[in-house]
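Order of the sequence lines sets the chain letters (A, B, ...), proteins ahead of strands, with each chain counted from 1.
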Number of protein chains: 2
Amino acid sequence: MLSFLSAALAVRREVQDHAHMTKKMLLKDVAQLAGVSEMTASRALRGAPDVSKSTRAKIEEIARAHGYVPNRIAGSLSSQSVNLVAVVVPSLNSFVFPEVLSGISSVLKQSPLKPVVGISGYELDEEEEVIREMLSWRPSGVIVAGLEHNDATRKMLQQSDCPVVEVMDVDGTPLRHCVGISHLQAGRDMAAQILSHGYRRIGFIGTKMPQDFRARKRFDGFTEVLTAQSLSLVDVEHYSGDSSIATGRQLTAQMLDRHPDLECIYYSSDVMSVGGYMHCLAAGLSVPQDVALAGFNNLQILEGLPLELATTDACRREVGERAAEIILKARESTGDVAPICETLSPRISLGQSL
Amino acid sequence: MLSFLSAALAVRREVQDHAHMTKKMLLKDVAQLAGVSEMTASRALRGAPDVSKSTRAKIEEIARAHGYVPNRIAGSLSSQSVNLVAVVVPSLNSFVFPEVLSGISSVLKQSPLKPVVGISGYELDEEEEVIREMLSWRPSGVIVAGLEHNDATRKMLQQSDCPVVEVMDVDGTPLRHCVGISHLQAGRDMAAQILSHGYRRIGFIGTKMPQDFRARKRFDGFTEVLTAQSLSLVDVEHYSGDSSIATGRQLTAQMLDRHPDLECIYYSSDVMSVGGYMHCLAAGLSVPQDVALAGFNNLQILEGLPLELATTDACRREVGERAAEIILKARESTGDVAPICETLSPRISLGQSL
DNA sequence: TACAAAATTGTTAGCGATAACGATTACTGT
DNA sequence: ACAGTAATCGTTATCGCTAACAATTTTGTA
């Protein structure tokens, strides 16, 4: 039953014997062993042209046999180029950014560029530090979530001579390139949908606004439409910390407790609306008859629930793809690329919860 | 209502004016402007000693004013040290690794080290490439999920002169350091629990085994205990691709369709067991009366459900913390650190689904 | 066969920072 | 005021690799 384990062990032992024989291999060592100059070895291992088939093979063979791992620090310093793209996102727990990353990776795979992720924790000062750290490695591009940065961050990004793409949001002035959706409009659209379904007593549950600019914009767009109809939110609840199903459930319970006649709740995230739905399931409330629910992001966790919850797709994967394409385009062209700003159209899924 | 937006715009414009005035600042430029040597500027900006309070202040001021971002490529090449820790995980979508990362980050924050994430996609050859890439940057440490690697990967990791910690699993022979739980034992324990509750007609739903060694070990441990009781799994379902609630729901529906008399299902992941639970909710089945469910990982999404699902906590955060601590310890001590292997004890939560 | 063009290899000079050590200046006590 | 030590600051030599260009070999062709 465990045969695959013992097989693995046998292989490992065999390899360990070779281990101590080898010391830190340098390009110089490979070159010497191959009887060529460092330059030729360098060219061969990089796949550069101007190396004969035979010597290239010999060099590659020696490098592999000795487990040579090129020192990219030295290489990058010399060639003045780093095949990394800095990707700065607020969090990886929120279920939303992994998909953006996935879009970025899939596009970058066609190139030698590799994404490197930094986490800003929804804090502008932390973001500054993360970006400074990433820029100190002189990446080939920067993709950063959001349009809001502190002065120091903006200055750094502008002075960096690599392409910068701000993603996820288009409501504001981008530093240069930008891909995303209008959260202001997403909020407005969902409000319109909710109103068109006849709901009037509406509540909102969302993150502490100063932390999450995009959630704030959705909130603003949402209330803007309500106000235009001379309506206002019956109740608003703000939480700090990560969104979670548990928090969504708890806050929903509290809000419905305060306002049993609430007709609809708009959440700043699907994770929260799922929590709200869980409360309804546990409390025996039927959705949308007793209360209607709507979230945001169109996260994967919505799939498979007994009921399809209303949401707005934030085009996360596509945002990642487009951003990466802009980086690639800027890399190819010699001069500056004219600022590109792509506004994607978020799609509302009404599901069965409205 | 949108006042915070226009404020942001005003600030941005002001900054842009400065942008074009500055070119690529080098340490040499900072030094020159401060009227000191490169060395003093370097020392000042690094916070190294042997710089007077006043000159340090002057240099820092100039650097900040001109938006100088040190070139860590040059710095690292010179100092032969890189303050990065490579973290290689199979996926970020699976809900499980972000928490490991979080544990790592929290510990590394006490040091100058920063984690850098690489994704191996549950493929050993992809893992090899990712690790080669990371090692080429000469990190101060490597944390990699799993004990199974191909020969080339093992060789690289052994030859690298930085500490290597394999995490999440202890069933096998670690290259050197290792922190995790025994998945074999986790499988056995859950089987024992399920049997002790009287269930006999049991099914299993899990990932395609060759991809995920730890899921395979849980499966092996699980069936081992069943076999010891002369029992065998009534049904086994394997899926490929990422785990998701939708897949869990669908496969559960299919399995219960094939075997309506099934008493209990063990899943390789909580994401899947939640899906199973969703099927039960939708199909009007009561858990555990009609069917008992058990998952693995103790993911956050379990919190807030109407019913607490049985699971095993994989100590993800703690694993990350311990691994980072080993890296730090190895960094401090001059010589080699004796191999450390920490086996954490996974805690089973029975919840109400068994 | 010879000679230019093409293909392959080698040489020189950094890339931008820092370690190590040397030089200078600033204090300290008597 | 002056030796002696401590606090600052500067000079030199890399770090490991790669552009750019020079040198060499191979190839093609008249």
Run the numbers on B/His177 and B/Glu342 for side-chain hydrogen bond (donor to acceptor under 3.5 Å, both in side chains), then give the verdict. CA-CA 8 Å; B/His177 310 297; B/Glu342 297 197 38; over 6 Å; no
Counting any heavy atom closer than 4.0 Å, what does A/Thr55 reach on the DNA or RNA strands: base, sugar-phosphate only, or nothing? sugar-phosphate
Can you measure [X] atom [atom1] to [N] atom [atom2] for me and round it to whole angstrom units?
| X | N | atom1 | atom2 | answer |
| --- | --- | --- | --- | --- |
| A/Asn71 | D/dC17 | CG | C1' | 8 Å |
| B/Asp29 | C/dA17 | CG | C1' | 13 Å |
| A/Leu45 | C/dT9 | CG | P | 13 Å |
| A/Ile73 | D/dT18 | CD1 | C1' | 15 Å |
| A/Gln80 | C/dA13 | CD | C1' | 13 Å |
| A/Arg43 | D/dT18 | CZ | P | 11 Å |
| B/Leu77 | C/dA19 | CG | P | 12 Å |
| B/Glu38 | D/dG10 | CD | P | 11 Å |

So, is [X] near the phosphate of [N], with a side-chain N or O under 4.0 Å from OP1 or OP2?
| X | N | result |
| --- | --- | --- |
| A/Arg46 | D/dA19 | yes |
| B/Thr40 | D/dG10 | yes |
| B/Tyr68 | C/dG16 | no |
| A/Ser52 | C/dT9 | yes |
| B/Ser37 | D/dG10 | yes |

Minimum-distance nucleotide (side-chain atoms of B/Met39 versus C/dA20, D/dA20, D/dG16): C/dA20
Where the side chain of B/Arg176 meets the backbone of B/Val337, is there a donor-acceptor pair that is under 3.5 Å apart? yes
Taking A/Ser140 for the side chain and A/Val85 for the main chain, is one N or O donor matched with an acceptor at less than 3.5 Å? no
Taking N and O atoms by type only, does the side chain of A/Ser78 place a donor or acceptor under 3.5 Å from a partner on the base of D/dC17? yes
Ion pair check, B/Arg322 and B/Glu325, cut-off under 4.0 Å: yes
Flag the pair B/Leu147 / B/Thr173 as yes when at least one side-chain heavy-atom distance between them is below 4.5 Å, and no otherwise. no
